[in-house]
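Structure, as structure tokens:
Each chain gets a letter, A, B and so on, in the order the sequences are listed, and its residues count up from 1.
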Protein chains: 2
Amino acid sequence: MNYPVFAVTVDLVVLTVREGELKVLLVRRGLEPYLDRWALPGGFVHADEDLAAAARRELAEETGLAGPGGHLEQLASYGKPERDPRGRVVTVAHLALLPDLPTPTAGTDAAAAAWRPVDQQDLAFDHHRILADGIERARSKLEYTPLATAFCPPEFTIAALRQVYEAVWGEPLDPRNFHRKVTTTPGFVEATGRSTEGGPGRPAALFRRGAATLLNPPILRRGTR
Amino acid sequence: MNYPVFAVTVDLVVLTVREGELKVLLVRRGLEPYLDRWALPGGFVHADEDLAAAARRELAEETGLAGPGGHLEQLASYGKPERDPRGRVVTVAHLALLPDLPTPTAGTDAAAAAWRPVDQQDLAFDHHRILADGIERARSKLEYTPLATAFCPPEFTIAALRQVYEAVWGEPLDPRNFHRKVTTTPGFVEATGRSTEGGPGRPAALFRRGAATLLNPPILRRGTR
DNA sequence: CCAATAGTGTCTTTCAGACAGTATGGT
DNA sequence: ACCATACTGTCTGAAAGACACTATTGG
């Protein structure tokens, strides 16, 4: 049997919420092509490695840890013949959602990695399109899954969860209605019994993620109604 | 730069509704490995071909036409090292939804192709998993997109559209509430002015698909509530 | 007339959106 | 006391589920 040969890479759309904004992890390329341009982190799939394993490995190399919380899923594959000038490369993009880690980009691999706003232009390769697809996937998944908790540390307040929604969707939500919705949806979050302390205002109860994998009914964005 | 080489294929989960049931297009393998087992149609991506183009080509080869109506989208990629005993093969699975064509499987390529029930066991490779993922994608997309119309001919009755939902979800829907829902959702369907004739009962108005790409609010399955 | 299927109207329940009001901390 | 933030309660309107009823065809 005769067939063309390909290289296969994984690229990562790694998102987090910092300073009330949705951010994406980018690396500055140190090689041609697209020298010095921002790009999604990624790399070649090894000879005896599953796609998901390659994505986990790259994530660990770039971020230091995919430790507590967080979420990693396959996004889509991109394989236009001209997408990489070096040859025929198919990339299997993955989407990672991480809490805002104390050690953000102390990766071993990438020389210059940084959290950047998600409205990036002029990324290397077709990474602009991959990024756009990843953001849309994240926005959409917040509607019907409890995945927003992946952006939060193991224990979080309802207000922190709401700020995740507001950052990802870019629109304000009513704190009271949001609180009611989240706490009455079975399995979305469960109370830990603990509370915050020290800040201004009444202390907030702390929650951890619940067991539900699907929100019913969903929380719909304004934009899609 | 040194990296492992892969073969890249596209595999197709082609679904239609026949005789009130959801069916998948399968081919009987004429080669090792998995000789004589049912498998999803598919093939190698050509040297200068986009992934989507390869999927369209394979669909045309297997079904004869992807003509009026229908829908084709990327599903997911599968690349476990051991998934093909011949070597390292990554497959980019696609999902196709087609109306029940008069000429179902007069393909040129596959010797023995057939519409089979979707509860197949013992497919070749990891095709059982791919099929399961494709069916779940289809079930889920009927909830929040007007994609059910892809299973229908260019003009169809509300009852025919309802039977698509019932076949894909495997549960009965109330004809009256379904009618109200579909006809009052802007952009889901638009009336043609024509009607059916000849059958028993009152003639039904004929509709074509509307311009909407997203249903708001969605039509939710019983199972997920 | 009757059977069969298409389509409309009505009632009830659920839930989102808007927003008043209460609770509990820090300064 | 006052401010800030957390949380609860109430009202209203939109829409789903259940289902009675009317409409239009063929036998």
Side-chain angles (χ1 to χ4, degrees), chain A residues 20 142-144 146 148 152 155-166 169 171-207 212 214-225, chain B residues 20 142-144 146 148 152 155-166 169 171-207 212 214-225:
Chain A
L142 290 209
E143 290 189 311
Y144 58 92
C152 296
E155 297 200 352
F156 52 86
T157 65
I158 301 295
L161 188 64
R162 174 171 48 82
Q163 284 153 17
V164 166
Y165 274 88
E166 292 176 334
W169 286 351
E171 67 185 41
L173 298 176
D174 184 292
R176 291 127 352 150
N177 291 335
F178 183 82
H179 189 283
R180 176 186 56 189
K181 174 68 184 172
V182 168
T183 53
T184 62
T185 300
F188 194 171
V189 298
E190 47 188 52
T192 65
R194 276 187 289 282
S195 299
T196 57
E197 51 188 38
R202 173 176 170 177
L206 286 167
F207 295 81
L214 226 52
L215 298 185
N216 264 288
I219 309 180
L220 293 180
R221 286 174 277 184
R222 255 254 160 47
T224 62
R225 297 215 70 128
Chain B
L142 289 208
E143 289 190 311
Y144 58 93
C152 296
E155 298 201 350
F156 51 88
T157 65
I158 301 294
L161 187 64
R162 175 170 48 82
Q163 284 152 18
V164 166
Y165 274 89
E166 292 176 335
W169 287 350
E171 66 185 42
L173 299 176
D174 184 293
R176 286 109 19 131
N177 291 337
F178 183 84
H179 188 282
R180 177 187 54 186
K181 173 69 182 170
V182 168
T183 51
T184 62
T185 299
F188 195 171
V189 298
E190 46 188 54
T192 64
R194 275 186 291 281
S195 299
T196 56
E197 50 189 40
R202 173 176 170 177
L206 285 167
F207 295 81
L214 225 53
L215 299 184
N216 263 286
I219 309 179
L220 294 180
R221 286 174 275 183
R222 255 255 161 47
T224 63
R225 296 216 69 130

Closest of C:dA6, C:dT8, D:dC7 to the A:I158 side chain is D:dC7
Scan residues 195-203 of chain A against DNA chain C and write down, sorted by residue number, each residue with any heavy atom closer than 4.0 Å; if none is found, say none.
-> A:G199, A:G201, A:R202, A:P203
Testing C:dG7, D:dC7, C:dC15 for proximity to the side chain of A:A205, the answer is D:dC7
Spell out, as yes or no, whether a donor-acceptor pair under 3.5 Å connects the side chain of A:T196 to the backbone of A:A204.
-> yes
Identify which nucleotide among D:dT8, D:dA6, C:dG9 has an atom closest to any side-chain atom of B:R176, counting heavy atoms from C-beta outward.
-> C:dG9
With no hydrogens and no angle check, is any side-chain donor or acceptor of A:T192 less than 3.5 Å from a backbone partner on A:L206?
-> yes
To the nearest Å, how far apart are A:L220 CG and C:dT14 P?
-> 19 Å
Contact residues, residues 177-194 of chain A to DNA chain D [heavy atom, < 4.0 Å] = A:H179, A:R180
Between D:dA16 atom P and B:L215 atom CG, what is the distance in whole Å?
-> 11 Å
Supply the atom-to-atom distance B:Y144 OH to B:L215 CG, rounded to the nearest 0.5 angstrom.
-> 10.5 Å
Does B:L173 offer a backbone N or O that forms a donor-acceptor pair with the side chain of B:E166 under 3.5 Å?
-> yes
Is a donor on one side and an acceptor on the other found under 3.5 Å between the side chain of A:T185 and the backbone of A:F188?
-> no
Taking for each residue the nucleotide of DNA chain D with the nearest heavy atom, is it B:P218 or B:D174 whose nucleotide lies nearer the 5' end?
-> B:P218
Drop me the distance from A:R180's CZ to A:T183's OG1, to the nearest 0.5 angstrom.
-> 9.0 Å
What residues, two or more places apart in sequence or in another chain, satisfy side-chain hydrogen bond (donor to acceptor under 3.5 Å, both in side chains) together with A:Q163?
-> none
Decide, yes or no, whether a salt bridge links A:R221 with A:E171 under the criterion of side-chain N to carboxylate O below 4.0 Å.
-> no
Could you state the CG-P distance from A:L206 to D:dA6, rounded to the nearest angstrom?
-> 11 Å
Return the value, rounded to whole Å, for the distance between atom CG of B:N216 and atom P of C:dA16.
-> 14 Å
Provide, to the nearest angstrom, the distance between the CZ atom belonging to B:F156 and the P atom belonging to C:dT5.
-> 20 Å
Taking the six-membered ring for Trp and the full ring for Phe, Tyr or His, determine whether the centres of B:Y165 and B:F178 are under 6.0 Å apart.
-> yes
Nearest whole angstrom, please: distance from the P of C:dC15 to the OH of A:Y144.
-> 21 Å
